[in-house]
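Numbers here are sequence positions counted from 1. Treat the numbers as computed from the prediction; the structure is a model and nothing was measured.
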Amino acid sequence: MDRAERCRWSDLPPEILSMIGKRLHTRMDALRFRSVCSSFRSSIPPPRRDAPRFPLRIPCSWSDHFVFLHDSTVCVLETPEKASGSGVPNPPRSRWLVKLQESSLGDVQLLSLFSQRRITYLPRNFPKVIDSLEFRIVEICREFRIEYGTSGIVPGIRKVVVSPDCVWTGLDELEVYSVENEGRLGYWKYGDENWTYLDDQNGCSYDDIIVYEGKVCVVDQSGMVSLIDSSFRTLQKFSPPIYTGGGGHSNCKYLVVSGGDLYVVDREIDVYMDEFLVPHFNETFGFRVYRLDRRCGKWVDVGSLGDMAFFLGKHCSYAISVHELGGCNANCIYFMENKVNVFSLEDRSVKPLDFLPFLVST
């Protein structure tokens, strides 16, 4: 047995443990890291007491009511392996895609993946108690919403992101970005009395916003992605446009990060004009997926997602490997349209799903 095999994690030098710990961005990961042993605990400080805690009251230019910034976490929850009798194979571990929200009182609530409804009915084999030290919890993404105190989500806001979103970040560094339904881009920094609208003079309409490699990115209706420079409150072109749309349908674009690459997912929706030339939107009939080739500075039309699946939510979109989540179909896009639907890139079909064994979403 060589020395590397005999070395224990707790024997790693403090400076290496500190480098590992400082790369953990979530409060849960930092607390789990510190709970391993005394050497792990002493290598990084506790999460900052002045770190943003949610719900957080923020100003509102849309209403006279108080509004609050809420957060929740989409993660894969893997149940611990249960030992069986001698000579009997251990039962397989269960994996669930869940959305968790910590209340102001510290308790954790389970929310629907595609809405903000609190889960009241759980599958029979779902764990009754979730111990973060026993369960393997993999954070997929964080989502943010602006809500009234007790009366639900503030209407008119399509998407909200926070940057920087890190357990080591102080409240005074908090920046919030929003895309409104009409495509306006809003910005608020902690301490500001009001929101600021960015790029308002150019008349651009934005579809989605995401944090990519620590930078806030927005995509407009042409598929062009821009980076937001909060210091100067300006936008910098990051990609060329895709130039899709037209021909009797309307497109809505989503930003997704997968495998370190940035994708634009173009949702194709049937639309028709009535006798008064008012547009009416019908069902989604397909998607187009594009990956940004940063080296060549162009978009690549993607015909297959490989072993990945994309999930397009109202408040966040993300990618998951089918190896990470059993029961999930590869090369597919899951989305909500009255109910959960799945689009296959292989045969370009859209099918409703009544039962998803890996989702806690109803």
Side-chain angles (χ1 to χ4, degrees), residues 26-27 50-75 98-121 141-165 169-198 200 205-211 216 218 228 230 252 254-255 281 311-318 335-340 360-362:
T26 70
R27 179 179 178 84
D50 63 338
R53 300 299 301 269
F54 303 96
L56 175 69
R57 182 177 169 183
I58 61 175
C60 178
S61 59
W62 316 278
S63 170
D64 295 331
H65 297 84
F66 294 144
V67 298
F68 298 85
L69 181 66
H70 288 255
D71 75 320
S72 53
T73 303
V74 176
C75 56
V98 299
K99 183 161 64 175
L100 305 176
Q101 175 177 281
E102 184 177 356
S103 73
S104 56
L105 300 178
D107 60 319
V108 176
Q109 300 174 345
L110 196 62
L111 303 180
S112 170
L113 279 173
F114 291 97
S115 72
Q116 293 312 117
R117 295 194 306 271
R118 186 172 179 178
I119 300 296
T120 56
Y121 171 78
C141 74
R142 295 239 292 164
E143 70 168 43
F144 297 89
R145 307 167 311 280
I146 297 177
E147 301 183 5
Y148 295 117
T150 57
S151 55
I153 294 176
V154 175
I157 302 176
R158 182 179 300 168
K159 184 82 170 286
V160 178
V161 299
V162 166
S163 179
D165 179 22
T169 299
L171 187 58
D172 59 335
E173 301 173 71
L174 179 71
E175 296 179 337
V176 184
Y177 302 81
S178 69
V179 172
E180 297 183 1
N181 284 349
E182 62 268 27
R184 297 179 74 192
L185 179 60
Y187 167 81
W188 177 78
K189 182 175 176 58
Y190 183 80
D192 290 352
E193 292 186 2
N194 295 299
W195 286 72
T196 301
Y197 287 100
L198 308 179
D200 230 18
S205 181
Y206 298 99
D207 276 0
D208 200 8
I209 186 168
I210 199 172
V211 178
V216 181
V218 291
I228 300 177
S230 61
C252 179
Y254 299 81
L255 291 169
F281 298 95
F311 288 76
L312 307 181
K314 183 177 181 181
H315 304 288
C316 67
S317 300
Y318 46 91
F335 66 101
M336 188 74 173
E337 192 170 65
N338 299 322
K339 61 189 304 183
V340 180
V360 180
S361 61
T362 56

S.K.: Hey, could you give me the CD1/CG distance between Ile157 and Asn181, rounded to the nearest 0.5 Å?
M.R.: 8.5 Å
S.K.: In chain order, what residues pass the side chain to side chain donor-acceptor pair (under 3.5 Å) check against Arg158, with sequence neighbours excluded?
M.R.: Asp207
S.K.: Side chains of Val216 and Glu175, heavy atoms from C-beta outward: is any pair under 4.5 Å?
M.R.: no
S.K.: What's the separation between atom CD1 in Ile58 and atom CD1 in Ile146, rounded to the nearest 0.5 Å?
M.R.: 4.0 Å
S.K.: Roughly how far, to the nearest 0.5 Å, is the OG atom of Ser178 from the CG atom of Leu198?
M.R.: 9.0 Å
S.K.: Between Cys141 and Cys316, which heavy-atom pair has the shortest distance, and what is it?
M.R.: SG-SG, 3.3 Å
S.K.: Work out which heavy atom in Tyr254 is nearest to a heavy atom in Ser317; give both atom names and the distance.
M.R.: CD2-OG, 3.8 Å
S.K.: Any side-chain heavy-atom pair from Val179 and Asp208 closer than 4.5 angstrom?
M.R.: no
S.K.: If we only count heavy atoms from C-beta on, is the Ile209 to Leu255 side-chain gap below 4.5 Å?
M.R.: no
S.K.: Does the side-chain contact (heavy atoms from CB on, under 4.5 Å) test come out yes or no for Val176 and Leu56, once each step is laid out?
M.R.: CA-CA 11 Å; Val176 184; Leu56 175 69; over 6 Å; no
S.K.: Atom OH in Tyr318, atom CG in Leu113: separation rounded to 0.5 Å?
M.R.: 4.5 Å
S.K.: Show which side-chain atoms of residues 68-75 pair as donor or acceptor with protein atoms under 3.5 Å away, not counting sequence neighbours.
M.R.:
from: Asp71; atom 1: OD2; to: Arg142; atom 2: NH1; distance (Å): 2.4
from: Ser72; atom 1: OG; to: Glu143; atom 2: OE2; distance (Å): 3.2
from: Ser72; atom 1: OG; to: Arg145; atom 2: NH1; distance (Å): 3.0

S.K.: Is any side-chain heavy atom of Pro155 closer than 4.5 Å to a side-chain heavy atom of Tyr148?
M.R.: yes
S.K.: With sequence neighbours excluded, tell me which residues meet side chain to side chain contact (heavy atoms under 4.5 Å, CB included) with Lys314.
M.R.: none
S.K.: Looking at Asn338, I want to see if its CG is surrounded by more than 12 non-hydrogen atoms of other residues, nucleotides or ligands under 6.0 Å.
M.R.: no
S.K.: I'd like to check the side chain to side chain contact (heavy atoms under 4.5 Å, CB included) partners of Glu182; sequence neighbours left out, ordered by chain and number.
M.R.: Glu180, Arg184
S.K.: Can you check whether Val211 reaches Asp165 side chain to side chain, under 4.5 Å on heavy atoms?
M.R.: no
S.K.: Kindly write out the residues that satisfy salt bridge (charged side-chain N to carboxylate O under 4.0 Å, His left out) with Lys189, not counting sequence neighbours, or none if the list is empty.
M.R.: none
S.K.: According to ring-ring contact (aromatic ring centres under 6.0 Å, His included), who are the partners of Tyr177, at least two apart in sequence or on a separate chain?
M.R.: Tyr187
S.K.: Report the residue from Phe114, Phe311, Phe335 that forms a side-chain contact (heavy atoms from CB on, under 4.5 Å) with Val340.
M.R.: Phe114
